[in-house]
Amino acid sequence: MDTGSQKMNKTHQQPDFVRPCPGISPIPAFSDNYIWLISNGRQAVVVDPGQAEPVMQVLKDQQLSLSAILLTHHHQDHVGGVAELVAQTGAKVWGPAGEILPVCDTTLIEGDTFKDAALQLNLSVLDIPGHTAGHIAFFGTFGTTPVLFCGDTLFAAGCGRVFEGTPAQMAASLAKLAALPVDSRVYCAHEYTLSNMRWACAVEPGNTALQHWHEHASEQRRLNQPTLPSSIELELACNPFLRARQPSVVQAATDWAQRELTTPVEVFAALREWKNNFR
Ligand code: ZN
Ligand code: FE
């Protein structure tokens, strides 16, 4: 029934699953947040610490000094631990210029950079509004590995809710991320993968790359492992929000909305609406 999307799959071969990158590890927080820790065994940077305690515990266990805190957006589950971490470690805070944050030493806009030579971390900032008005992402390299820290904008097989922006803004932000190198490792801030995939399978029941990844991710969760990082390649093959131009996705969104959808933004908005209502 879905030969359209099959044909559009680049080479008929499955994208590779992504192995964890040594030096980048998730610190679980709340029920489904990940605080990403980037470390060289002595020094560390964290992204979006919604809680301080789990970070302090890891710093203590691994005897790391925290040099910087990177923030993608202002939501409490991403910034809640910042003040205490700063008080305890003296780490400097880098965050979006367009948002109100509890602490921020360096405000960032698109094109700004965060570099740490000791960590071999070279990141530049992308403005990706939609989930929040001033949401940013960090993209660059850790050593030689391309890495993306995208907060609550792009999730594995899903995307963040559009709270402060418009569907057009969110679609443009996702398109910006979709254009990054396909081998970029994608570090999102929540473990939402399986619930996103249940919905993605409803959108594209004939997507074999998605089915294959779903099986793999289910096994990871069964073993209590994170399903992240993902990759831009996997997202392009499986994430309906990045596939709003695929005939199979347009058709599914049209059927769900029960009206004609004439632009990719309308398709995106219908998909977001569908996911919001999917149980
Ligand atoms: Zn958020
Ligand atoms: Fe969040």
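Counting convention: from 1, in listed order, for ligands and their atoms alike.
- Screening residues 91-107 for side-chain hydrogen bond (donor to acceptor under 3.5 Å, both in side chains), with sequence neighbours left out, gives Glu99-Thr132.
- Panel note: side chain Asn33, backbone Asp77; a donor-acceptor pair is recorded below 3.5 Å.
- Of all N, O or S atoms in His73, the one lying closest to the Zn ion (ligand 1) is NE2.
- Ring orientation note: the planes of Trp274 and Trp199 are nearly perpendicular, at an angle over 60° on the 30°/60° scale.
- Distance alone, capped at 3.5 Å, places no donor-acceptor pair between the Gln62 side chain and the Gly41 backbone.
- Residues Phe241 and Phe268 place their aromatic rings such that the two centres sit under 6.0 Å apart.
- Side-chain contact check for Trp36 versus Ile24: some heavy-atom pair is nearer than 4.5 Å.
- Taking backbone and side chain together, Asp77 holds no N, O or S atom under 2.8 Å from the Zn ion (ligand 1).
- The main-chain N or O of Ala157 is found under 3.5 Å from a side-chain atom of Glu235 such that the two form a donor-acceptor pair.
- At least one N, O or S atom of His131, from either the backbone or the side chain, sits less than 2.8 Å from the Zn ion (ligand 1).
- Applying ring-ring contact (aromatic ring centres under 6.0 Å, His included) to His131 and the options His190, His78, His75 leaves one that passes, His75.
- The number of protein N, O or S atoms lying under 2.8 Å from the Fe ion (ligand 2) is 4.
- The atom of His75 that is an N, O or S and sits closest to the Zn ion (ligand 1) is ND1.
- In Asp152, the N, O or S atom that comes nearest to the Zn ion (ligand 1) is OD2.
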